[in-house]
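Computation of the quantities below employed the complete heavy-atom set of this structure, encompassing side-chain atoms and omitting hydrogens, waters and symmetry-equivalent molecules. Chain naming here is simple, since letters A, B, ... match the order of the sequence lines and numbering starts at 1 in each.
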Amino acid sequence: MSSDAFQPLQGMADLAAPEISRWQHIESEARRLLALYGFSEVRTPVLERADLFMRSLGDDTDVVQKEMYMFEDRGGRQLALRPEGTAGVMRYVASQGQDAQDARLYYVGPMFRSERPQAGRKRQFHQLGVEAIGAANPAADAEVIALHLHLLRAWGLEQCRVHLNTRGLPADRIAVQQGIRDLLAPNRENLCADCQRRLDGNVLRVLDCKNPDCQRLIAGLPAPSTFMSAEARAYFDEVVRLLNGLDLKVEVRPNLVRGLDYYIHTVWEITHPALGAQDAIAGGGRYLLNLGSRTVEGAGFAIGLERAVVALEQERPSQQAERLPLVWIIAQGERANEEGLRLVQSLRWRGVAAQMDMGRRSMKAQFRAADRARASHVVIRGEAEVEKGTFLLKNLSTGVQEELEMPELMARLTAPH
RNA sequence: GUGGCCGUAGCUCAGUUGGCAGAGCGUCAGGUUGUGGCCCUGAAUGUCGCGGGUUCGAGUCCCGUCGGUCACCCCA
């Protein structure tokens, strides 16, 4: 098995065939669709100043406090491997000034969080994220949610569920926290240990606690949005109305909590049954980031690609590959081998996928290799053919074999098949 | 970060009270002097994750460690 020397670090993985084709498909399909919606890609650095994340995600969030890979560089600067994509993109957007006021951007790439790995959770993981910059507007939120669902659908994920909620504006958030805290405080003793801790910190987390005792207490509480301003509630109602008008199935979950500080108004989470307890495959929301002298507002989402792959593997199990348009050259003898090498190269120049076994193995072994590679055709060039100046072309699906001369062979192989 | 389970051939896994390292699949070769898939025969392949300890003797027991997995916490 693998010795330590060959193992990646905990929570990090090598991605290669055969799963890599799943990843490539996901990415190419996403690029196609995002172009349809007018989004363009942005690639920001993996390494950023740590304070970018502290300011935008929130100083006391777990992501920043416990999970960020941080270190000091030679100049004494505090750096961090990005734990998520939005902050870096917003830093870029802020740097562009007015030119980026209505930017539509997306990113794909690795993110890093130092957590214990679990189903669909890695320490180096990958997200595809979308950011639609622009001022608060229910229609803009609805459009981004529509894109989010369209994308998951395009990948082949049918079993996703969208949970929707509102966080209101920053002022609403304070009112909600205070309101919930006041209602829960008398029952402090009846909450689980985690929730007693949450009561003093992130109160909203009590709302999605899995402990049955806490659940009972929570069930008796009014929806958090009752503590919000009329303006925030009207905004959310409008988002829901627009989504219904788009025929998108979403479920409003008044107790849905999104952890990062930068969220305002609409937030959502998409779950998939293949993921086990950690069933969120994607999350999104409207956000407002304060980047020193500039603030940036927009709506966006991020999809965990490891989780999407897990879900896809369950919904669309990968199947035995069909035969590929691939020509396999089988040569026997010194001269045929050399000619085979020229033939394989000449086919590739013409845009035809071609391979040959350079190992000078038996014809049987070369046939097996061609079959294993799922080649559609083999070209046989042995001593007899060298003498006659011909090639045998065999179709591996039908088993039909013909003897051809070079011009005819080339014509057949370069014709679309 | 906390806790449970797991780690033996490329893969999936068996391995009895501690007593010679195993199977299936895959790979390779032969059966077929030049033809894949199906079939038959044979062969190769091991740091039993790693390091200590106990023992005449450890894949097996103990400790540590690395990795995987699941749940919690948190999040995508």
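- When D62(A), L52(A), L260(A), T86(A) are each tested for a side chain to side chain contact (heavy atoms under 4.5 Å, CB included) with L57(A), only one passes: L260(A).
- Spacing of P atoms, C63(B) relative to A44(B), comes out at 39 Å, to the nearest Å.
- Taking side-chain N and O atoms only, R372(A) has a distance below 4.0 Å to OP1 or OP2 of C28(B).
- Between the side chains of Q178(A) and D182(A), a donor-acceptor pair is found at a separation under 3.5 Å.
- Of the side-chain N and O atoms in K122(A), one or more sit less than 4.0 angstrom from OP1 or OP2 of U69(B).
- Here Q118(A) does not reach the OP1 or OP2 of G68(B): none of its side-chain N or O atoms lies under 4.0 Å away.
- Here the separation of C28(B) from U45(B), taken at their C1' atoms, is 10 Å to the nearest Å.
- Rounded to whole angstrom, the span from the CG atom of D371(A) across to the P atom of G37(B) amounts to 7 Å.
- Secondary-structure annotation of RNA chain B gives the stems B:1-7 with B:66-72, B:10-13 with B:22-25, B:27-31 with B:39-43, B:49-53 with B:61-65, with a stem taken as at least 3 successive Watson-Crick or G-U pairs whose two distances both fall under 3.5 Å.
- Counted by atom type alone, E385(A) and T390(A) present zero donor-acceptor pairs between their side chains at under 3.5 Å.
- Annotation: C6(B) and G49(B) have their C1' atoms spaced 12 Å apart (nearest Å).
- A cation-pi arrangement is not found for R167(A) relative to Y263(A), the charged atom failing to lie both closer than 6.0 Å to the ring centre and inside a 45° cone about the ring normal.
- R374(A) has no side-chain polar atom (N or O) that falls below the 4.0 Å cut-off from OP1 or OP2 of G36(B).
- With C70(B), G34(B), G36(B) as the candidates, the nucleotide lying closest to the side chain of A119(A) is C70(B).
- At a cut-off of 3.5 angstrom, the base of C73(B) holds no donor-acceptor pair with the side chain of E115(A).
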